[in-house]
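A short worksheet on the structure shown next.
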Amino acid sequence: YFSNKHKEYESAFNSYMLMVDCQLKKNRKGLAQSYLDSAKALLDGQLERNLQPRLKFYKGAADFYQFSGDLKKAGSFGKVYSEMKDSIERAQREQDLENTEISLRIEKKELELQEMNRLLEQKRLEEQKEKTIKAYTIAVLLVLLFLSAFLFYSNRLAKRKESELAGMN
């Protein structure tokens, strides 16, 4: 009653189905029938799109009719229950397979992205190494140029002083 009043229909449905089982165990077929009818009303009204309660109902109805001795109805509900359960399990397996495939594709893309990032980092390091080598090469060339200029100027200055000294003597 509480679950229905607060619009918790799935909880109410589950309670009805538990009461069906309980009443069958106590051998109270009439009460079990009324709880089964109440569960059916909720199933058809508020829970019509939800598969799990429907599956529970078919199982409960099969058990009820088997207890009642109506084997034709019990077999009918049992068959629907089995087919629906198999269908749900098959759909779940297909969904699991699809999720696994998606997961593998994502993992593959992540690995490709990691490899691409590794290659980009390697390329960046190589470019940085080349820039460093160029910078050192330019620095060495400049030092050699300044050293050559210094030596050239020193040599010229030394020759000028030598020629001035030779001219003074």
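Just so you know, these numbers use all the heavy atoms, side chains as well, and skip hydrogens, waters and symmetry mates. Throughout, residue positions are numbered sequentially from 1 according to the sequence presented.
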* Asked: Taking C-beta and beyond as the side chain, do Gln128 and Leu125 meet within less than 4.5 Å on heavy atoms?
  -> yes
Kindly write out the residues that satisfy side-chain hydrogen bond (donor to acceptor under 3.5 Å, both in side chains) with [X], not counting sequence neighbours, or none if the list is empty.
{"X": "Gln95", "answer": "Asn99"}
{"X": "Asp96", "answer": "Gln92"}
{"X": "Asp21", "answer": "none"}

* Backbone N or O of Leu31 within a donor-acceptor pair of the Ser34 side chain at under 3.5 Å? -> yes
Reported [atom1]-to-[atom2] distance for the pair [X] and [Y], which is rounded to 0.5 angstrom:
{"X": "Met168", "Y": "Lys161", "atom1": "CE", "atom2": "NZ", "answer": "11.5 Å"}
{"X": "Arg28", "Y": "Met19", "atom1": "CZ", "atom2": "CE", "answer": "8.5 Å"}
{"X": "Ser103", "Y": "Glu98", "atom1": "OG", "atom2": "CD", "answer": "12.5 Å"}
{"X": "Met17", "Y": "Asn14", "atom1": "CE", "atom2": "CG", "answer": "9.0 Å"}
{"X": "Ser82", "Y": "Lys79", "atom1": "OG", "atom2": "NZ", "answer": "10.0 Å"}

* Applying side chain to side chain contact (heavy atoms under 4.5 Å, CB included), run through Tyr16 and Asp37 and close with a yes or a no. => CA-CA 9 Å; Tyr16 288 142; Asp37 292 341; over 6 Å; no
Heavy-atom closest contact ([X] atom, [Y] atom, distance):
{"X": "Gly78", "Y": "Ala62", "result": "N-CB, 3.6 Å"}
{"X": "Phe57", "Y": "Ala39", "result": "CD1-CB, 4.5 Å"}
{"X": "Leu42", "Y": "Ala12", "result": "CD1-CB, 3.6 Å"}
{"X": "Pro53", "Y": "Phe13", "result": "O-CZ, 3.0 Å"}
{"X": "Leu24", "Y": "Ala32", "result": "CD2-CB, 3.8 Å"}

* Just jot down the ring-ring contact (aromatic ring centres under 6.0 Å, His included) partners of Tyr65, sequence neighbours excluded, or say none. => Phe77
* Sequence neighbours left out, what passes salt bridge (Lys or Arg N to Asp or Glu O under 4.0 Å) with Lys56? Give chain and number order. => none
* Short N-O contact, Arg90 and Asp86, less than 4.0 angstrom -> no
Identify every side-chain donor-acceptor pair in residues 113-122 under 3.5 Å, counting partners at least two apart or on other chains, and give the distances.
residue	atom	partner	partner atom	Å
Glu115	OE1	Arg118	NE	3.2
Glu115	OE2	Arg118	NH2	2.6
Asn117	ND2	Leu113	O	3.4
Arg118	NH1	Gln122	OE1	3.4
Glu121	OE1	Arg124	NE	3.3
Glu121	OE2	Arg124	NH2	2.5

* Asked: Remaining members of Ile133's ILVMFWY cluster at a side-chain heavy-atom cut-off under 4.5 Å?
  -> none
With sequence neighbours excluded, tell me which residues meet side chain to side chain contact (heavy atoms under 4.5 Å, CB included) with [X].
{"X": "Ile106", "value": "Ile102, Glu110"}
{"X": "Leu55", "value": "Gln52, Tyr81, Met84, Lys85, Ile88"}
{"X": "Ser68", "value": "Lys29, Phe64"}
{"X": "Leu71", "value": "Gln66"}

* To do: Evaluate whether atom OH of Tyr35 has more than 12 neighbouring non-hydrogen atoms of other residues, nucleotides or ligands under 6.0 angstrom away.
  => no
* Identify whether Leu51 and Tyr58 are in the same connected component of the hydrophobic contact network (ILVMFWY, side-chain heavy atoms under 4.5 Å). => yes
Run the side-chain donor-acceptor check on residues 146-155: report pairs under 3.5 Å with partners two or more places apart or on a different chain.
residue	atom	partner	partner atom	Å
Ser148	OG	Leu144	O	2.8
Ser154	OG	Phe150	O	2.8

* To do: For the pair Asp44 and Lys40, evaluate side chain to side chain contact (heavy atoms under 4.5 Å, CB included) and give the outcome as yes or no after the intermediate values.
  => CA-CA 6 Å; Asp44 291 340; Lys40 176 75 169 135; 3.1 Å; yes
